[in-house]
Amino acid sequence: MTKTIQNDRTEIRLAGEGGQGMILAAIILAEAAAIYDGKNVTQTQVYGPEARGGASKAEVVISNGQIDHPEVINADVLVAMSQEACDKYAGNLKKGGLLIVDEEKVGRIPSNKAVKIPITQLAEARTGRTITANVVALGVLVGLTDVVSRMSIEKAVLARAPKGTEDMNRTALLAGFEAADMVKR
Amino acid sequence: MTVKLMQGNDAVGWGALAAGCRFYAGYPITPSTEVAEMLSRELPKVGGKFIQMEDEIASLAACIGASVGGLKSMTATSGPGFSLMQEHIGYAAMTEVPCVVVNVQRLGPSTGQPTSASQGDVMQARWGTHGDHPIIALCPTSVSQSFDLTVKAFNFSEKYRTPVILLLDEVIGHMREKFDMPDFDAIERVDRIATDVPPEWYKPYGDSLSDVPPMANFGDGYRYHITGLFHDPHGYPTQRLDEIDPWIKRVHRKIERNLHDIVLYEEDWDPTNKTVVVSYGASARSARHAVKLARQHRLKVGEITLLTIWPFAEEVIARMARTARRIIVPEMNLGQLALEVERVAGRSKVVRVNRANGEMVTPQEILDAIEGS
Amino acid sequence: MAQHEEHTAYEYLRPSKKFPNVWCSGCGIGVVMSALIRAIDNIGLEKDNVALVSGIGCTGRMPVYMDFNTMHTTHGRALAFATGLKIARPELKVITIMGDGDALAIGGNHFIHSARRNIGITAIVVNNNIYGMTGGQYSPTTPIGGRATTAPYGNIEPPMPICELAQAAGASYVARSTVYHAAELERYIEQAIRKDGFGLVEAVSYCHTGYGRLNKLGTAVDMMRALKETSMAQAAAQKLAPEERENKIVRGVLHDVERVEYTARYQQLIDQVQQSIGGR
């Protein structure tokens, strides 16, 4: 049986290592969709017990309608920030789904259609901090997919940015948008 | 009203505050800790009290003590902590002291998998403490329902003078969804029935038309005795059969006579549905997804979502079973509530869809069960 | 009857509760109960403002006879229940009554943490060196070599020093007396109740039915006499060499300091938080 259900259901998976901020990125994306775009969302995660290191996976499901099963069934978009994450989750992508990888961290890519962007490198180059890589990733993701509006994701990022880091986070997000626009061209 | 993205565990905390909870005692344990963190921050703001106890046994004891002092009280825990609390769930049932116990279920037995989801504590919620006793257990399926059912848990607890278990699972506890915080003043809050007789006439466990005797709080001028021993209407220990027997009947009756109030469920089925899915908690989300898929393929399938799992919703399940041929019960365990469904299913076939590996039952697995006749 | 009514204790006992009590005749627990009643009477506490919380065991049965807010809880957990009650109603005088097995074995964790928090609870531990109600098994305070139904060859575990444990954990008042020294016991209980923080009184008693019989220690009277003979005031004990002190019960106020009480500190926290958010 093919899945014709809930055509506007978009499933996004963000995966990497613990400490890369993938769960926070998923929360921000979910807030952009729920609070600023007024859509329904579910945001879930799986992580190991340790606060740093280990595999980390966060998911966001976005829909105009009611969301029943809250987890990703077949991802429309996968952002892989580590080789392990790519190996583990690329196979679950929907046919024609979008794979975004951090070029520097993921060497073996299972698809020649993947979008390769040096996300962490970009973060360091533009903001001086690799810790903003998750925000760059959000910029790339939203820039390529429009799952939420650019304005909403910017509001969501700034609402979560610790005081004094707003500019740095805006810079990171814009770097992501730019990288996405380059790919689109 | 402001829309927020919120976790189920946080919604439990807000629901507790909305219900009038003013005391929380707990011990940190994944995946329930957010409830404690949230209430340690919020309770002092409203003059409430939070304490981190030395273990889960002490946590529920402190809740019962605080409730006897007049504060609506709650604790939250998971798996191993829930096991440790069992003796005091029985004490609260025996002494008829209101309290709410939140168990965010994780994969067990033992330490199991702290960050993985499970619905493995369904039977423990019913029978975890020794001896015959009534219990109420509620299972939310979403973040906003976590709020609503926490309020219900407090209201039932106060209204029926009984411990109420709020049985979340890791999926619901940690999931974030859009949540519209309601105005607390608009929320229906039930308080324990106070006594209006003079202290010398007060019988803490007797003389009530409703099977729920009025409750005086310690310090309010009604000196009486509370004990986990079987007790007479005055609260004094008894070994007399003519006092033990009425007690055990009354505490069961106070729940059984109020099933119409306590047993909450959502239903979407009709007698033409030969297949009906019965589910609760996070599994209900997968079930709904599967039922919608099936209906898109013109399969006539119904669904019942149990929000109250204890006492068991016998009436609706038995009524549905008169017309349904197959009842599908998806659970994140090896078939616990399915046993109850089977008990009342008559000649209908009960099909179990189970996972006990820390992951949700998938909609496809349920769909396969719906299709396979 | 008339004679009973004149007795101070009568006012504090429950006339509707069926007596006699569960204790063996000659038991020391009754001495602790009357010392507690006199201590409360000396202070002049309103009965409505006193809560007695106990655990399980012979000693745990004490509150049911007394006309206060009384709560007979689970084995070992009296202090945990009392903690919740005290936090909910800081104005109540909350007194826990526990046995040695109750307070120190199954309830040991709650004992040290209640002392650490310095919560305003008075803890009375009646130490009879044995599990009496279950028939004479060895407890955390059974002396080495003492016989019990679960130590038929003599106990090999060293006893728990109750007072020293409470002091080390943070109690603000610690005292020890015996059921022979009823007036002294009354004084210590009164002082502990008057204390804002956590106060511990160890009431050394005996179990002639369980421990006494198994160890051939004679009648209740013999064991009461032994408390007189083997105990000594702290001042006298300090003059003895440590080895001479070894088998003596040292009586006295062993520790008395001022520390901020838990519920008072929590109220400060509430006030601070509410002030910082501008009241609500």
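Predicted model only: the values in this text are computed from it and were never measured. Sequence lines set the chain letters: A, B, ... in the order given, protein chains first and strands last, and positions in each chain run from 1.
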Checklist entry - Do Arg117(C) and Met53(B) pass the side chain to side chain contact (heavy atoms under 4.5 Å, CB included) test, and can you show the C-alpha distance, the side-chain angles, and the key distance before you say yes or no? => result CA-CA 10 Å; Arg117(C) 291 187 188 103; Met53(B) 294 298 285; 3.9 Å; yes
Checklist entry - Which residues, numbered in order, of residues 87-100 of chain B come under 4.5 angstrom of chain C by heavy-atom distance? => result Glu87(B), His88(B), Tyr91(B)
Checklist entry - Hey, which residues of residues 56-73 of chain B are touching chain C, say heavy atoms under 4.5 Å apart? => result Ile57(B), Ala58(B), Ala61(B), Ala62(B), Ile64(B), Gly65(B), Ala66(B), Val68(B), Gly69(B), Leu71(B)
Next on the checklist: Applying side chain to side chain contact (heavy atoms under 4.5 Å, CB included) to Thr227(B) and Val64(C), what does each step give before you reach the verdict?
Outcome noted: CA-CA 9 Å; Thr227(B) 176; Val64(C) 71; over 6 Å; no
Checklist entry - Going by residue number, which parts of residues 160-169 of chain C are within reach of chain B, meaning a heavy-atom gap below 4.5 Å? => result none
Item to check | Toward chain B: residues of residues 23-41 of chain C with heavy atoms under 4.5 Å | outcome: none
Checklist entry - Are Val50(C) and Arg223(B) close enough, and set up right, to give a side chain to side chain contact (heavy atoms under 4.5 Å, CB included), and what steps lead you there? => result CA-CA 9 Å; Val50(C) 175; Arg223(B) 298 185 303 277; over 6 Å; no
Next on the checklist: What's the separation between atom CD1 in Ile51(B) and atom OG1 in Thr263(C), rounded to the nearest 0.5 Å?
Outcome noted: 10.0 Å
Checklist entry - With only heavy atoms counted, which part of Tyr222(B) is less than 4.5 Å from chain C, the side chain, the backbone, both or neither? => result backbone
Next on the checklist: Show, in sequence, the C-alpha distance, side-chain angles and deciding distance for His110(C) and Asp55(B), and conclude whether the side chain to side chain contact (heavy atoms under 4.5 Å, CB included) test is met.
Outcome noted: CA-CA 9 Å; His110(C) 315 308; Asp55(B) 60 32; 3.6 Å; yes
Checklist entry - Between the side chain of Tyr266(C) and the main-chain N/O of Pro44(B), is any donor-acceptor distance below 3.5 Å? => result no
Checklist outcome for this item: With chain C, the option among Pro199(B), Ala25(B), Ala216(B), Gly48(B) that has the most non-hydrogen atom pairs under 4.5 Å is Gly48(B)
Checklist entry - Checking Ala51(C) against chain B: side chain, backbone, both or neither under 4.5 Å from a heavy atom? => result side chain
